[in-house]
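Structure first, then comments.
Whatever order the structure lists ligands and atoms in, that order sets their numbers, starting from 1.
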Amino acid sequence: MVQIFLDSANLQEIEEALSWGVISGITTNPSLMSKEAEPFELLVKKICSLMQSNPVSVEVLSTVAEGMVKEARHLAGQAPNIVVKIPMGIEGLKAVYRLNRGEEKIPCNVTLVFSVNQALLAARAGASYISPFIGRLDDIGWDGVGLVREIVEVFSRQGINNTRVIAASIRHPRHVHEVAAAGAHIATVPFSVLKQMARHPLTDIGVERFLSDWARARGGEGIGH
Ligand code: E4P
């Protein structure tokens, strides 16, 4: 079953979403982290502890492999459920490869993926996750959901089983059910979209009508009192 991750670094949003019992992980990025007042490392630790053993993606800031590896090792030391987010590119591939050979094996989420070839290279280098950004592709007139569908199909035909596809940059609830239908393993959604997913105007109207019918016929009678 498709998993839902929350794309947020906000502790209140994370706690609220956790209480719904629907999220299985967190993704963050430097833009999301920069909006929060907490010092970076404290925030990372708090998010990881709230999520218990579920994965929390935190992105490196360096743009060269050496620096990415150093930052990744530091982040991985903060909590056991850290997944290091590495931007796609040649330096990123080198970093993922180094972090996944030998005994070290730090799980990586290769981010900013916009093509099947980028997804293939990231999987080959050893990424545990890849994140195609569908909203940003739609923004430039391409088909974000179509990219997710193609990646899932190619991974399946090629027997790529160790890299999970996270549909990212989700803009609205329709994106979520479309990437689920396309076979994404995970959809990472902003809290605003998660709330929209749970609601429907006909649900609200339905509840209102049931309660007013009951009140009209049975006054103040309740259940259990
Ligand atoms: C995913 O991991 C990213 O944090 C996120 O989905 C980016 O989305 P945006 O295009 O809305 O910034």
Short list, please: which atoms of ligand 1 are under 4.0 Å from a heavy atom of Thr27? 2 (O)

Identify, by atom number and element, the atoms of ligand 1 in contact range of Ser169, meaning under 4.0 Å from any of its heavy atoms.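 Close to Ser169: 5 (C), 6 (O), 8 (O), 9 (P), 10 (O).
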
Among Lys85, Arg136, Arg171, which one puts a heavy atom closest to atom 1 (C) of ligand 1?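 The residue whose heavy atom sits nearest atom 1 (C) of ligand 1 is Lys85.
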
How far is atom 5 (C) of ligand 1 from its nearest protein heavy atom, and which residue and atom is that?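 Atom 5 (C) of ligand 1 sits closest to the protein heavy atom Asp7 OD2, 2.9 Å.
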
shortest atom 7 (C) of ligand 1-to-protein heavy-atom contact is with Phe133 CE2, 3.5 Å

Mind checking whether Asn29 has an N or O less than 3.5 Å away from an N or O of ligand 1?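 N/O-N/O distance below 3.5 Å exists for this pair.
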
Flag yes if more than 12 heavy atoms outside Tyr97 fall under 6.0 Å of its OH atom; otherwise flag no. no

Lys70 atom NZ, over 12 foreign heavy atoms within 6.0 Å: no

Can you find a side-chain donor-acceptor pair between His74 and Glu41 that sits under 3.5 Å? yes

If you measure from the Lys or Arg side-chain nitrogens to the Asp or Glu carboxylate oxygens, is any gap between Glu66 and Lys94 under 4.0 Å?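 Answer for the salt bridge query: no.
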
Using a strict 4.0 Å threshold on nitrogen-to-oxygen distance, state whether Arg199 and Asp204 make a salt bridge.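 Result for this pair is yes, salt bridge flagged.
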
